Amino acid sequence: MQTIQSNLEHIHQQINDSERKFGRPTHSVQLLAVSKTKPNQAVLDACEAGQRQFGENYVQEGVEKIQYFQEHHNDFDIKWHFIGPIQSNKTRPISENFDWVHSIDRAKIAQRLNDQRPADKGALQVLIQVNTSGEASKSGISTQQAVELAAVIDGLPNLTLRGLMSIPANVSSYEQQLHAFNQLKDLFEQIKSQYPQVDTLSMGMSGDMQAAIEAGSTMVRIGTAIFGARDYSNSK
Ligand SMILES: *Cc1c(COP(=O)(O)O)cnc(C)c1O
């Protein structure tokens with residue numbers, strides 16, 4: 001039987017192999033475990049196997065998990081990343097509970113997260129969600145808009161701009177995946193040259209992790225390959 005622990009070991013092996021293959025430094029790619037729709041026990045199993053960074057897409061579900069782990073397993077010192085779409089009326093629980101937000105796509109959301117961040121929590125670590133494939137249906141903003149939003153975020157004291165996140169269009173060929181990821185890498189280098197604290201390029205999921213690492217990802221977001229297929233019938 002595949003366990004969460006053996007799945008994590010397998011993914012770490014794949015990340016290490018890709019780092020070596022593409023001349024990336026060892027441990028330059030972090031693993032974000034995407035635990036959306038999965039129970040606390042699955043997160044606990046991953047923690048016991050050494051995983052400390054988790055991604056959640058739904059506000060209420062994520063906040064419930066964060067509070068459970070603060071109450072019962074605070075010693076794990078988990079870092080929680082919000083990676084889902086953000087409605088402006090949901091910014092407060094995100095800013096009050098999460099450590100990172102990957103999915104900022106407009107100034108209004110950035111401003112609200114900044115204003116609602118509790119003073120004792122330190123700055124919220126944030127990424128701008130970019131969409132280089134230009135499809136109206138996908139979330140994320142254009143390259144030019146991202147450059148403008150970076151300047152807005154840089155002026156907000158309770159947010160620290162750490163980089164970019166993207167979910168490229170679902171394309172089958174490796175070459176197409178690589179092309180989309182390389183565009184993000186170029187924008188990342190441009191933004192990094194302006195804001196020296198920028199160090200995180202969140203791209204790559206279960207199906208396109210290798211191309212993302214070749215192009216320069218520093219954080220891959222993996223759900224299914226760690227926790228198994230998701231059942232959405234009781235998600236919020
Ligand atoms: C669900 C999700 C993932 C993980 O996807 P898998 O295909 O299960 O690895 C990564 N990033 C985002 C933004 C997601 O919503």
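Sequence positions, counted from 1, serve as the residue numbers for this chain. Whatever order the structure lists them in is the order used to number ligands and atoms, beginning at 1. None of the values given here were measured: they were computed from a predicted structure.
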Any donor-acceptor pair under 3.5 Å linking the side chain of Gln51 with the backbone of Ala46? no

N/O to N/O under 3.5 Å, ligand 1 against protein:
unit_1: ligand 1; atom_1: 8 (O); unit_2: Thr224; atom_2: N; d: 2.8
unit_1: ligand 1; atom_1: 8 (O); unit_2: Thr224; atom_2: OG1; d: 2.6
unit_1: ligand 1; atom_1: 8 (O); unit_2: Arg230; atom_2: NH1; d: 2.8
unit_1: ligand 1; atom_1: 8 (O); unit_2: Arg230; atom_2: NH2; d: 3.2
unit_1: ligand 1; atom_1: 9 (O); unit_2: Ser206; atom_2: N; d: 3.4
unit_1: ligand 1; atom_1: 9 (O); unit_2: Ser206; atom_2: OG; d: 2.5
unit_1: ligand 1; atom_1: 9 (O); unit_2: Gly223; atom_2: N; d: 2.8
unit_1: ligand 1; atom_1: 11 (N); unit_2: Arg221; atom_2: NE; d: 2.8
unit_1: ligand 1; atom_1: 15 (O); unit_2: Lys36; atom_2: NZ; d: 2.7
unit_1: ligand 1; atom_1: 15 (O); unit_2: Asn57; atom_2: ND2; d: 2.8

Check this for me: does any side-chain nitrogen of one of Asp199 and Arg162 sit under 4.0 Å from a carboxylate oxygen of the other? yes

With a 3.5 Å distance limit and no angle check, can you tell me whether Arg24 reaches the backbone of Val29 through a side-chain donor-acceptor pair? no

So, using side-chain contact (heavy atoms from CB on, under 4.5 Å) as the criterion, who are the partners of Glu9 when residues are at least two apart? Gln5

Residue pair Glu56, Ser35: steps toward the side-chain hydrogen bond (donor to acceptor under 3.5 Å, both in side chains) verdict: CA-CA 6 Å; Glu56 289 283 336; Ser35 47; 2.7 Å; yes

So for atom NE2, which belongs to His179, do other residues, nucleotides or ligands contribute more than 12 heavy atoms lying within a distance under 6.0 Å? no

